[in-house]
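Contents: one structure, followed by commentary.
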Amino acid sequence: MKSVAIDQWGGIDALKLQTLPVPKVGPDEVLMHIETAGVGKWDPFEREGGFAKYYQFEPEFPHVLGSDGAGTVAAVGESVDRFRPGDQVYGFTLLNPKGGSYAEYAAIKADLVSHIPGKLTVQEAGAMPVDAITALRGLDDTLGLKPDESIMIFGASGGIGHLAVQLAKRIGARVFAVASGDDGVMLCKKLGADTVVDGHKDDVAEAARKFAREGLDAALLTAGGSAANKALTAMRSGGRVAYPNGVEPTPTTPEGVKAQAYDGTPDARAIEKLNRLIETPGPVAFEVHVARRFPLEQASEAQQALDKHYLGKLALKTA
Ligand SMILES: NC(=O)c1ccc[n+]([C@@H]2O[C@H](COP(=O)([O-])OP(=O)(O)OC[C@H]3O[C@@H](n4cnc5c(N)ncnc54)[C@H](OP(=O)(O)O)[C@@H]3O)[C@@H](O)[C@H]2O)c1
C-alpha cells in the first residue's frame with residue numbers, strides 16, 4: 001500500500017512516500033481502507049518522536065504517521081460483529097502499533113472504530129476524530145458543562161474549537177466564541193455560536209463581560225498566551241477552565257478559577273456519546289470544516305501548512 005512513513009524521528013524531511021505491506025487484521029480489529037486522514041496540529045510532535053519519548057515506547061520503523069481517518073471497512077477480524085466490509089467508518093490510529101492513517105489501509109482495534117454519524121461525509125469524518133473527542137472530553141468529562149451555562153471557547157475557529165462550539169450548543173450551553181480573523185468569526189457565527197469575537201483584535205474580556213454579566217461559568221482553551229489569559233479575567237469566581245495538554249503557554253487563571261489540563265483519549269463510551277451529540281439537532285447541521293485536503297504525496301506541504309492561518313482542519317486524501 002501507499003503510505004507516508006518515517007525511518008527515524010526527525011524534521012519535515014523525514015517524511016517519505018513508501019510502499020509497505022497492508023497491515024494484517026487481528027481477531028479484534030477492523031481493516032479500514034482510508035480515504036481521508038486528518039492532519040493534526042500534533043503530527044510534527046509525533047514525527048519528531050515526542051509521543052514515543054512521552055509514553056516511553058520503542059517504535060518500529062518504518063513508522064506510518066497519522067492519528068485518525070475515515071473510509072470503508074475492507075475486512076474484519078473473526079471476533080468483530082459490529083462491522084461488515086463496505087461500511088463507512090472513522091477510526092483512531094494515534095499510537096496504533098500497526099501504523100497510522102497516512103496510508104491506504106490501517107488495522108485498528110474495533111473499539112476505536114465507529115460508523116459515521118449523522119450526515120457527515122467520509123471527508124468530514126476523516127478529519128474529525130481526535131479533535132472531536134478532545135472537544136467532547138473537555139466539555140463533558142473535564143468541565144461537566146450543563147444546559148444554560150455560559151462557556152467561552154477560545155480558538156473557536158480551529159480544529160477542536162469549531163467542533164466544541166457545535167457540541168456545546170447541542171449540550172444546551174450559551175456559547176461565547178473567540179475566533180481567529182474575519183473568516184474565523186464568520187465560520188463560528190454560521191455554526192451557531194451565540195456571540196463571536198476576533199481574539200486577535202477585539203477586547204475579548206469586555207465582550208465576555210457583556211455576554212455573561214456575572215462572569216463566565218466555563219472556558220475551553222485551545223490556544224494559550226496573553227490574549228487567552230486576559231480573556232480569562234471574565235470568568236466568575238468558581239468558574240472552570242479546561243485545556244488539552246499541548247496548549248502552550250499553559251493558561252494562567254485569576255484567583256478562584258480552576259484550570260485543568262486533560263487528554264482527548266478515545267474509548268467506546270466517548271465515541272458513542274460523540275455520535276449521539278452529532279446526531280442531536282442543533283442550530284445548524286453539524287459540520288466538520290476541512291480547510292484543505294492535500295494528496296497523500298503532499299504530506300510535507302500539509303504539515304508545513306499547520307503553521308499558517310486556516311480554519312477547522314487540514315486533511316490528506318489517501319485514496
Ligand atoms: N492532549 C490532547 O489529547 C490533544 C488532542 C488534540 C489537540 N491537542 C492540542 O490542542 C491544541 C489545539 O488543537 P487544535 O487541533 O484545535 O489546533 P488548531 O486548529 O491550531 O486550533 C487553535 C486555534 O486557536 C486559534 N488562535 C490562536 N490564538 C488566538 C487568538 N488570540 N484568538 C483567537 N483564536 C486564536 C488559532 O488560529 P490562528 O492560528 O489563525 O491564530 C487556531 O485556529 C494543540 O496544541 C494540540 O496539539 C491536544
Side-chain angles (χ1 to χ4, degrees), residues 6 9-12 14 37-57 59 63 65-69 92-96 100-102 112 127-143 151-165 167-168 178-180 184 199 218-229 231-232 240-253 258-267 270 274 288-289 291 299 302-315:
I6 56 176
W9 306 123
I12 204 92
V39 178
K41 199 77 180 177
W42 54 92
D43 287 2
F45 183 72
E46 178 187 21
R47 189 194 67 219
E48 287 162 1
F51 287 126
K53 198 167 159 199
Y54 185 76
Y55 290 107
Q56 298 192 330
F57 67 84
H63 175 80
L65 295 169
S67 48
D68 49 16
F92 294 81
T93 53
L94 183 64
L95 310 176
N96 182 10
S101 57
Y102 283 20
L112 298 180
M128 168 191 84
V130 172
D131 269 350
I133 281 292
T134 307
L136 179 69
R137 290 273 190 210
L139 298 173
D140 190 29
D141 301 281
T142 313
L143 293 171
I151 181 164
M152 170 168 68
I153 313 277
F154 192 96
S157 47
I160 297 171
H162 85 290
L163 301 171
V165 165
L167 295 173
V178 185
S180 170
L220 178 67
L221 305 188
T222 69
S226 58
N229 291 339
L232 289 174
R240 300 101 69 201
V241 176
Y243 61 95
N245 284 307
V247 167
E248 297 281 349
T250 54
T252 310
T253 50
K258 197 175 146 225
Q260 208 179 321
Y262 72 95
D263 286 319
T265 314
D267 63 25
L274 172 68
V288 180
H289 186 87
Q303 289 205 349
Q304 279 162 331
L306 289 167
D307 295 330
K308 305 195 183 93
H309 171 77
Y310 59 91
L311 304 181
K313 276 287 297 235
L314 300 176

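What you are looking at is a predicted structure, and each value in this text was computed from that prediction instead of being measured. Numbers here are sequence positions counted from 1.
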Are [X] and [Y] side-chain neighbours, meaning at least one heavy-atom pair lies under 4.5 Å?
X: Asp43; Y: Leu65; value: no
X: Asn96; Y: Leu112; value: no
X: Ile153; Y: His162; value: no
X: Asp263; Y: Pro244; value: no

Residues two or more places apart in sequence or in another chain: which of them pass ring-ring contact (aromatic ring centres under 6.0 Å, His included) with [X]?
X: Tyr262; answer: none
X: Tyr310; answer: none
X: His63; answer: Trp9
X: Trp42; answer: none

First locate atom [atom1] of [X], then atom [atom2] of [Y], and finally report the distance between them rounded to the nearest 0.5 Å.
X: Glu46; Y: Tyr102; atom1: CD; atom2: OH; answer: 7.5 Å
X: Leu167; Y: Leu139; atom1: CG; atom2: CG; answer: 6.0 Å
X: Thr250; Y: Tyr243; atom1: OG1; atom2: OH; answer: 4.5 Å
X: Thr265; Y: Leu94; atom1: OG1; atom2: CG; answer: 9.0 Å
X: Ile12; Y: Gln303; atom1: CD1; atom2: CD; answer: 5.0 Å

**OP:** Check the pair Thr252 / Leu232 against side chain to side chain contact (heavy atoms under 4.5 Å, CB included), numbers first and verdict last.
**Re:** CA-CA 8 Å; Thr252 310; Leu232 289 174; over 6 Å; no
Side chain to side chain donor-acceptor pair (under 3.5 Å) with [X]: which residues, sequence neighbours excluded?
X: Asp131; answer: none
X: Ser180; answer: His200, His309
X: Asp140; answer: Lys273
X: Asp141; answer: Arg137, Arg269

Please report the closest heavy-atom contact between [X] and [Y], naming both atoms and the distance.
X: Gly184; Y: Leu311; answer: CA-CD2, 3.6 Å
X: Ala164; Y: Leu220; answer: CB-CD2, 3.7 Å
X: Ala227; Y: Gly199; answer: CB-O, 4.0 Å
X: Asn229; Y: Pro251; answer: OD1-CA, 3.5 Å
X: Asn245; Y: Ala261; answer: OD1-CB, 3.4 Å
X: Ala291; Y: Leu314; answer: CB-CD2, 4.2 Å

Original post:
CD of Gln56: more than 12 outside heavy atoms within 6.0 angstrom?
Top reply: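 It does not: Gln56 CD has 12 such atoms or fewer within range.
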Original post:
Quick check: does any side chain N or O of Thr93 sit under 3.5 Å from a backbone N or O of Gly66, one acting as donor and the other as acceptor?
Top reply: yes
Subject >> Any donor-acceptor N/O pair, Lys41 side chain to Leu306 backbone, under 3.5 Å >> reply: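 Yes, Lys41 side chain to Leu306 backbone: donor-acceptor pair under 3.5 Å.
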Return the set of residues passing side chain to side chain contact (heavy atoms under 4.5 Å, CB included) with [X] (not counting sequence neighbours), or none when no residue passes.
X: Ala231; value: Met152, Phe154, Val204
X: Pro249; value: none
X: Gln260; value: Thr142, Lys258
X: Ala315; value: Thr36, Ala127, Val290, Arg293

**OP:** Quick one: do Leu136 and Leu163 satisfy side chain to side chain contact (heavy atoms under 4.5 Å, CB included)? Show the steps, please.
**Re:** CA-CA 9 Å; Leu136 179 69; Leu163 301 171; over 6 Å; no
